Amino acid sequence: MSELRKAVKLLVKSGIIVDQEAFTMLKQVQDPLGITSSFLSNFPNKSSFTKNDLLNLVKKPIVPGIKVPKSTESKVTKSSSIPRRHRTRLSIKLDQSNTVTNEPDTRNVVFNKNIFRTKFEDLQGLKSFETDFKVIKDPIIKENFKGTIDNLIEYFQSRFNKLSNIFRNRLDIPNLVKIKDLDTRRDEGEVSVIGMIADKRFNSNGGGSLTIEDPVSDRMIQVILPSKDKILVDKCIQIMSDTVICVIGFLKNSNLIAKDVLLPDIPNMRRKHYAEIPAHVAFLSDIHIGSKNFIEKPLDNFIEFINGNYGNKKIRALGEQTKYVMFGGDVVDGVGIYVDHHKDLAVDDIKEQYSIFSNYLERIPEDVQIVIIPGNHDMVRNAEPQPRIQDKHASSLARMENVHLLANPSQVALHNVEVLLYHCTSIPDIMNSIPGVPNDKPVEIMKHMLKARHLAPIWGSKTPIAAEDEDHLVIDRIPDIFQGGHMHINGEGYYKGVQILNSGTMQNQTAFQKSLNIIPTPGQVTVTNLKTHEMNRINFLD
Ligand code: D5M
Ligand code: FE
Ligand code: ZN
């Protein structure tokens, strides 16, 4: 096993998220294993390994000739007054037979067969119909926000207020009391208290404690999780830091002894939206135009499909009825996203990448409505929510009338069926904070987002969050369909009636993914029937 492989393995086994830039630079240092070992011993509480960590550890940097980019100033200020978060680490299993090369690992790729669920009667001659497309949420992103401590406090207050409202509207919560009013309620028996998890600890005797805070009145309380209540302790181990929860319990010596802990969650009963006609929507993500690993054939096949020219009779009919296409971010590979990125690029000009992408979209019939949100490779700021891709970088896309460039995240309605689009950059952070979640099941992680009613609950890890005065990452409006991307692994599922899908990719495995044993599933596209919510999956690789 190479030194580099050992170094990455060491980090990943310790539950550390390895940043792509840091990975690229690690390839070029003389002693990668020494650097990662000293990182682990010097920073036992860190959950990610970044370019800056590496630069701080390399005394005489790097192999001669490598350019170290100037560090860009972070727009997000982290408050030192916020307590250090306890994080539970997950080890990701690495396949020892892999070595770090550019050869893609395509073990999964060929086995994915088509799954066809739309019924025969729904594919009878609905070739043209009026599309019904509305934008429900497309957060206006403030330019030039400063990211001061005050902003951060307002941001958390907004998160707390929005999620508290969800609890307040529930009927199953007894005797709701604010943390600041607990002092006066000493003998009142059972109380329910809403708070944001500032700290969690679990001890060797099986018990634990949470510190929850109310950022509006700036008060905290300690919640005791009794060791005899294994079910409750296990439930709390699964809850992410900075999630807003409701604790039901009773006061004892200024602590709250928990009987139950509730997440905002999705209600069991709710009205879902269905289209009146069997219009279909296709979900794609992570096209990565411009990357050497971008694979043209499945995207080309998809374009033929939507023109009714691909596959057997049934698939052709499905293509003709697919009038909406959602792109969940990373449509291009971008430029300068990580160190030495240009070495992985076939096209190193961002405008040209968007222009190539728009050439594909030009071949889609004009009545098909296309939504594009950005991801971490697109030419917008990294901090979430990410603003829509700007005309100046992608004029060719902006001029197309059927293309809707929206923010990440956004919510749209297709014949009243609501779709939440989010790139899911937060998935690796969540994966690393919840024990036992596998790294190839993005849908399982998206379920945790729905339970927490937040797209990126964990503050201060790898996912950059813009601490604006409103938290746009709260899932305040429950979607019918929740689309994500980023992991390059197609997945489908449901949580309490919400259809969840992760859209995979059109890019072969990269060296970075190979080092993490992430096996992508390129070329798979989910196509949902808006009348029935049935999901079809077509493999466009052939
Ligand atoms: O992300 C591409 C792939 O890399 C995808 O499979 C997720 C994985 N990835 C990205 N960042 C991380 C971190 N920080 N830890 C673990 N896995 C990660 P892309 O956005 O296309 O570069
Ligand atoms: Fe991607
Ligand atoms: Zn991504």
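For clarity, every value in this text was computed on a predicted model and none was experimentally measured. Each ligand, and each atom within it, is numbered from 1 in the order the structure gives. Computed over heavy atoms, backbone and side chain alike; hydrogens, waters and symmetry mates excluded.
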Would you say D330 reaches the Zn ion (ligand 3) with an N/O/S atom under 2.8 Å? yes
D286: its N/O/S atom lying closest to the Fe ion (ligand 2) (atom name): OD2
Between D138 and R388, does a salt bridge (charged side-chain N to carboxylate O under 4.0 Å, His left out) hold up when you go through it step by step? CA-CA 9 Å; D138 174 24; R388 54 177 86 169; 2.3 Å; yes
Side-chain donor-acceptor pair present, E470, S158, cut-off under 3.5 Å: no
Could you go step by step and tell me if K292 and D333 meet the salt bridge (charged side-chain N to carboxylate O under 4.0 Å, His left out) rule? CA-CA 9 Å; K292 282 184 183 162; D333 207 53; over 6 Å; no
May I ask you to check if ligand 1 and I518 share an N or O to N or O distance below 3.5 Å? no
Under a 4.5 Å cut-off applied to non-hydrogen side-chain atoms, are I489 and N502 in contact? no
Between T463 and D429, is any side-chain donor less than 3.5 angstrom from a side-chain acceptor? yes
Distance filter under 4.0 Å to Q513 heavy atoms, resulting ligand 1 atoms: 2 (C), 3 (C), 4 (O), 6 (O)
May I ask you to check whether D330 has an N/O atom sitting below 3.5 Å from an N/O atom of ligand 1? yes
Do E418 and I478 come close enough that some side-chain heavy atom pair is under 4.5 Å? no
Is the closest N or O pair between N376 and ligand 1 shorter than 3.5 Å? yes
Under 4.0 Å between a Lys/Arg side-chain N and an Asp/Glu carboxylate O for D300 and K297? no
Check: N490/Q524 side-chain N/O donor and acceptor closer than 3.5 Å: no
Take the angle between the ring planes of H377 and H341 and call it parallel below 30°, perpendicular above 60°, tilted in between. perpendicular
For P428, counting its heavy atoms only, list the atoms of ligand 1 lying under 4.0 Å from any of them. 12 (C), 13 (C), 15 (N), 16 (C), 18 (C)
Quick check for you: with the Fe ion (ligand 2) as the vertex, what angle do OD2 of D330 and NE2 of H488 span, to 10°? 180°
Which is it for M487 and ligand 1 at heavy atoms under 4.0 Å: side chain, backbone, both or neither? both
H377 neighbourhood, listing ligand 1 atoms whose heavy-atom distance to it stays under 4.0 Å: 19 (P), 20 (O), 21 (O), 22 (O)
From H486, Q509, H488 - option closest to atom 21 (O) of ligand 1 by heavy atom: H488
Below 4.0 angstrom from a heavy atom of H288, which ligand 1 atoms are there? Numbered from 1 as shown, please. 21 (O)
H488 versus D286, side-chain donor and acceptor atoms under 3.5 Å: yes
Kindly indicate whether the side chain of S410, heavy atoms from C-beta on, has any atom under 4.5 Å from the side chain of K137. no
With heavy atoms only and a cut-off of under 4.0 Å, state how M431 meets ligand 1: side chain, backbone, both or neither. neither
Does ligand 1 have a heavy atom under 4.0 Å from the side chain of L516, from its backbone, from both, or from neither? side chain
Nearest 10°: the angle subtended at the Zn ion (ligand 3) by N376 OD1 and H423 NE2? 80°
Does H288 bring an N, O or S atom to under 2.8 Å of the Fe ion (ligand 2)? yes
Should Q507 be counted as touching ligand 1, given the test is an N or O pair under 3.5 Å? no
Measuring from the Zn ion (ligand 3), name the closest N, O or S atom belonging to H486. ND1
